[in-house]
Trainee: 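Can you keep this structure in mind? I'll have questions shortly.
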Amino acid sequence: MSEAQVVTRFAPSPTGHLHVGGARTALFNWALARSLGGRFLLRIEDTDQARSSEEATRGILEDLAWLGIEWDEGPTLTLPDGRSLGGDPRGVGPFFQSERRAGYDAAVQALLDRDLAYPAFETGDELDALRREAREQKRNFRYRRPADFDREAALARAAGGEEHVVRFRMPERALRFADQILGEVHFEEEQLDDFVVRKRDGFPTYHLAVVVDDEAMGVSHVLRGQEHLNNTPRHRALQEALGYREPVYAHLPVIFNADGSKMSKRDKDKAARSAVKEGLASDEARLRAQVGDAVDPGSLERWLGDKKSQLPDSQLGALQEALALDLPGIEVEDFRRGGYLPEVLVNFLALLGWSPGEKEDDGRDKERFEPAYLAERFHLERVGRGNARFDRKKLLAFNQETLAALDDAHFLSLWDAWCTRYAPKAGGRLGARAELFAAAIKPRSGTLADPTDPAGPGAFVFAANEAFPFDEKAVAKFLRKGEPNGLEQLAAFRETVAGLDPFAPDTIEAAASAFAEARGIGMGKIAQPLRVAVTGSSASPGLGETLALVGREAVLARIDRCLRECA
RNA sequence: GUCCCCAUCGUCUAGUGGUCUAGGACUCCGCCCUUUCAAGGCGGCAACACGGGUUCGAGUCCCGUUGGGGACGCCA
């Protein structure tokens, strides 16, 4: 491998689904590597034994692959199309930190040998007490090796098997580094302390592992969230102590919710919790039944009682499903389930902190682009410094626009795939009407979930003839008002419907138009009553499409029902 | 509290000392089209946080204030 090779990495900890913030970090790392002709690698930071899980790892890999953020090196994943991602062509793996213990131990030993690190024996409780005390005295708690520290004795205690952590001796001087996005960043010596590099359980801390791995894997550019900015001096000091190369650093602004709060999975718990409480208050028995075994009663109580607690992903998901909750999208999977297209999410995420700085031919800013464009044009110089809010409305607008531009067949196949995964009961009921459905519903859909949404533009197609509700206002306005009123027009048009052949959009339109002309009425006088009778509301796709989608028999049944119930 | 970072329409942003009476997108509002809705077309509302400098000239440079965010773990 050449020294000049550009290598970027995304290094998530497998503690849950991929968050959109993490997805953006991964995306920018990927784009940076692609634009510079480098390699993008994926590493799993699973040094936290208590919180990491294999399930979460798999979920993250799948989320990334779905977005099209493909890694050149890292854990392997076989795609639906048979291709395989990851692998270890340069021989720098393994890519799970839990499997790289030897390297960390060697680094820690090297530091220990040169008195650049030392064993420390305080327990977590003792440190907590010290921190509390410092806080009460309104001063900062900094761990520094005492002046009278007895190195030999400490080493001997550690060698004797006494439980301890290893702390790195932070240089007693100010540190600075050049950030590619923020510029020069400096930290005063008083801010820095002797941080832990090896935990009591023998695992390295994040700081040690990330530095050792980045060096071993030849990572040239570290692009990560701004929450890591304060960690950088630690990493720089460690690199100097270990004689490592210095990577290029760049820290990305944070992503927020529309209301300015930090985007967090807690938002979902919060929304779910208030929905459950509401349900409990209005009809407890019904809610309990709905929740069923999605969440066991004990956990549910605890979760309801503690505003800060979170339900495990699987339980929250089950709850969402059981109650048909509309939770705020936080994770990539939420948007996939919500019917967003991966390239649209990528486009939108890219705009959160990056902009092409280019105009379209009509003078508008370039902001709609494909992932390939990003891979080619991405530059660190064009990454912004301010935090960005996640505007779901704009994302939805992008998605709708993209869906509308799809040809009907393509839309249909994407919608089919979405149904297979998220709404198996809804798909496959259309048969020969599928193409007509796509043509009518596509331009009215913001997401792939809209066609099957009970309140969506396609709901009338799936409605049961005898069960859907009639909109009161529409009934009053279009069926009961006027002389003759809509009901009378409907009754008269019923004959036309019964005799129409073929029963297709254009013949229906023509028949309705002829009917209106023959009676000397406006098209609206027959179209609107028909809409209300057939869909329950006054808004639907074109009249011909609407009736054809419902089908002759159902249209007749619905007209009859309407005549009966709305008179 | 301490340290670090940030600051253009409600939101995402363009803007790198004069071409800025600040441009685009989303949202919102109006009009047109029209058998409804959606789409589309046209138009509108709306911002350089504040105060000092530097300069012939500041959205653009410097300082301060205010506001926002992040970090302060044997989490990552």
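If you're wondering where the values come from, they're calculated on a predicted model, not measured in any experiment. Below, read A as the first sequence line, B as the second, and so on, with proteins coming before strands; counting in each chain starts at 1.
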Trainee: Salt bridge between Glu367(A) and Lys394(A), side-chain N to carboxylate O under 4.0 Å?
Mentor: yes
Trainee: Mind calculating the distance between CD (Gln226(A)) and C1' (A7(B)) to the nearest angstrom?
Mentor: 12 Å
Trainee: Expressed as a whole number of angstroms, how long is the span from His207(A):NE2 to C72(B):C1'?
Mentor: 11 Å
Trainee: Checking all strands, does Asp128(A) fall into the base, sugar-phosphate, or nothing category for heavy-atom contacts under 4.0 angstrom?
Mentor: nothing
Trainee: When the P atoms of G30(B) and A39(B) are compared, how many Å lie between them, rounded to an integer?
Mentor: 15 Å
Trainee: What I want to check is whether an N or O donor and acceptor connect the side chain of Arg444(A) with the base of C37(B) at under 3.5 Å.
Mentor: yes
Trainee: Of the options C5(B), U11(B), C72(B), whose atoms approach the side-chain atoms of Arg142(A) most closely?
Mentor: C72(B)
Trainee: Using the rule given for side chain to side chain donor-acceptor pair (under 3.5 Å), can you reason through Tyr118(A) versus Asp194(A), listing the C-alpha separation, both sets of side-chain angles and the distance that settles it, and then say yes or no?
Mentor: CA-CA 10 Å; Tyr118(A) 58 94; Asp194(A) 293 354; 2.7 Å; yes
Trainee: Determine whether any donor atom in the side chain of Arg389(A) lies under 3.5 Å from an acceptor atom in the base of U11(B), or the reverse, and answer yes or no.
Mentor: no
Trainee: Taking NZ, NE, NH1 and NH2 as the nitrogens, is one of them in Glu190(A) or Arg142(A) under 4.0 Å from a carboxylate oxygen of the other?
Mentor: no
Trainee: Taking the side chain of Arg200(A) as heavy atoms from C-beta outward, which of C74(B), G10(B), A76(B) is closest to it?
Mentor: C74(B)
Trainee: How would you label the contact of Ile526(A) with the nucleic acid (heavy atoms, under 4.0 Å): base, sugar-phosphate, or nothing?
Mentor: nothing
Trainee: Taking any heavy-atom pair under 4.0 Å as a contact, classify Gly386(A): base, sugar-phosphate, or nothing.
Mentor: sugar-phosphate
Trainee: Looking at the side chain of Thr205(A), which of C74(B), G69(B), C37(B) is the nearest nucleotide?
Mentor: C74(B)
Trainee: Partner lookup for U36(B), please. Criteria are Watson-Crick or G-U wobble with both distances under 3.5 angstrom; report none if nothing qualifies.
Mentor: none
Trainee: Which value, in whole Å, describes the distance between the P atoms of nucleotides U54(B) and C72(B)?
Mentor: 42 Å
Trainee: Check every strand shown and say whether Arg385(A) touches a base, only sugar-phosphate, or nothing at a heavy-atom separation below 4.0 Å.
Mentor: sugar-phosphate
Trainee: Does Asp361(A) CG have over 12 foreign heavy atoms under 6.0 Å away?
Mentor: no
Trainee: Side chain of Asn140(A) only, please: which of A71(B), U2(B), A76(B) is the nearest?
Mentor: U2(B)
Trainee: Val196(A) has a side chain; which of C6(B), C74(B), U11(B) sits nearest to it?
Mentor: C74(B)
Trainee: Looking at C74(B), I'd like to know if its phosphate oxygens (OP1 or OP2) sit under 4.0 Å from a side-chain N or O belonging to Arg131(A).
Mentor: yes
Trainee: Counting only side-chain heavy atoms from C-beta out, which of A14(B), U11(B), A25(B) sits nearest to Asp365(A)?
Mentor: A14(B)
Trainee: Under a 3.5 Å cut-off for both contacts, is U11(B) paired Watson-Crick or G-U wobble with anything, and if yes, with which nucleotide?
Mentor: A25(B)
Trainee: Could Glu358(A) and Arg377(A) be called an ion pair, given the rule that one side-chain N must be under 4.0 Å from one carboxylate O?
Mentor: yes
Trainee: For nucleotides A14(B) and C74(B), find the distance between their C1' atoms and express it as a whole number of Å.
Mentor: 47 Å
Trainee: Under 4.0 Å between a Lys/Arg side-chain N and an Asp/Glu carboxylate O for Asp408(A) and Lys442(A)?
Mentor: yes
Trainee: Pro253(A) or Lys366(A): which one's nearest nucleotide on RNA chain B is closer to the 5' end?
Mentor: Pro253(A)
Trainee: Quick one: is Ser355(A) getting a side-chain N or O under 4.0 Å of the A14(B) phosphate, OP1 or OP2?
Mentor: yes
Trainee: Looking at A76(B), I'd like to know if its phosphate oxygens (OP1 or OP2) sit under 4.0 Å from a side-chain N or O belonging to Thr47(A).
Mentor: yes
Trainee: So that I can tick it off, tell me whether Lys525(A) and Glu488(A) are bridged by a salt bridge, with the cut-off set at under 4.0 angstrom between side-chain N and carboxylate O.
Mentor: no
Trainee: For A71(B) and G64(B), measure between their P atoms and round to the nearest Å.
Mentor: 25 Å
Trainee: Between Arg43(A) and Glu45(A) (salt bridge meaning N to carboxylate O under 4.0 Å), is one present in this structure?
Mentor: yes
Trainee: Using a 4.0 Å heavy-atom cut-off, does Val165(A) contact any base of the nucleic acid, only the sugar-phosphate backbone, or nothing at all?
Mentor: base
Trainee: What nucleic acid atoms does Glu367(A) come within less than 4.0 Å of, heavy atoms only: base, sugar-phosphate, or nothing?
Mentor: base
Trainee: Provide the Watson-Crick or G-U wobble partner of A49(B), both distances under 3.5 Å; none if there is no partner.
Mentor: U65(B)
Trainee: Using the C1' atom as the point on both nucleotides, what is the distance between G41(B) and C33(B), in whole Å?
Mentor: 8 Å
Trainee: Under 4.0 angstrom, heavy atoms only, what part of the nucleic acid is Arg167(A) near: base, sugar-phosphate, or nothing?
Mentor: sugar-phosphate
Trainee: Please classify the nucleic acid contact of His186(A) as base, sugar-phosphate, or nothing, using heavy-atom distances under 4.0 Å.
Mentor: sugar-phosphate
Trainee: What nucleotide among G23(B), A76(B), C12(B) has an atom nearest to a side-chain atom of Tyr206(A)?
Mentor: A76(B)
Trainee: On RNA chain B, check which nucleotide each of Gly353(A) and Asn387(A) is closest to and give me the residue with the more 5' one.
Mentor: Gly353(A)
Trainee: It should be established whether Arg364(A) places a side-chain nitrogen or oxygen under 4.0 Å from OP1 or OP2 of nucleotide A25(B).
Mentor: yes
Trainee: Using atom P in both nucleotides, what's the gap between G23(B) and G44(B) to the nearest angstrom?
Mentor: 11 Å
Trainee: Looking only at the side chain of Gln528(A) (C-beta and beyond, no hydrogens), which of the listed nucleotides C3(B), U36(B), A38(B) gets closest?
Mentor: U36(B)
Trainee: Contact class for Glu190(A) (heavy atom, under 4.0 Å): base, sugar-phosphate, or nothing?
Mentor: nothing
Trainee: From C-beta outward on Phe187(A), which listed nucleotide comes closest to its side chain: G69(B), C12(B), C4(B)?
Mentor: C4(B)
Trainee: So what does Pro541(A) touch, heavy atoms closer than 4.0 Å: a base, only the sugar-phosphate, or nothing?
Mentor: base
Trainee: Starting at CD of Glu401(A) and ending at P of G41(B), how long is that distance when rounded to a whole Å?
Mentor: 10 Å
Trainee: When all nucleic acid strands are considered with a 4.0 Å heavy-atom cut-off, which category describes Ala388(A): base, sugar-phosphate, or nothing?
Mentor: sugar-phosphate
Trainee: Across all strands shown, which nucleotide pairs with U54(B) by Watson-Crick or G-U wobble geometry, both distances under 3.5 Å?
Mentor: none
Trainee: Can you tell which of C4(B), A14(B), C26(B) lies closest to the side chain of Val185(A)?
Mentor: C4(B)
Trainee: Regarding Glu360(A), tell me which of base, sugar-phosphate or nothing describes its non-hydrogen contacts under 4.0 Å with the strands shown.
Mentor: nothing
Trainee: Quick one: is A14(B) close enough that its OP1 or OP2 comes under 4.0 Å of any side-chain N or O from Arg382(A)?
Mentor: yes
Trainee: Has Asp450(A) got a side-chain atom pairing as donor or acceptor with Gly456(A)'s backbone, closer than 3.5 angstrom?
Mentor: no
Trainee: How far does the P atom of G73(B) sit from the matching atom of U16(B), given to the nearest Å?
Mentor: 42 Å
Trainee: Quick one: do Asp213(A) and Arg9(A) make a salt bridge, cutoff under 4.0 Å?
Mentor: no
Trainee: Taking CZ from Phe348(A) and P from U13(B), how many angstroms apart are they, rounded to a whole number?
Mentor: 9 Å
Trainee: Return the value, rounded to whole Å, for the distance between atom CD of Glu184(A) and atom P of C62(B).
Mentor: 14 Å
Trainee: Whole angstrom is fine here: how far is it from CG in Leu351(A) over to P in U27(B)?
Mentor: 14 Å
Trainee: Rounded to the Å, how far apart are Arg43(A) CZ and A76(B) P?
Mentor: 12 Å
Trainee: Return the value, rounded to whole Å, for the distance between atom CG of Leu549(A) and atom P of U36(B).
Mentor: 19 Å
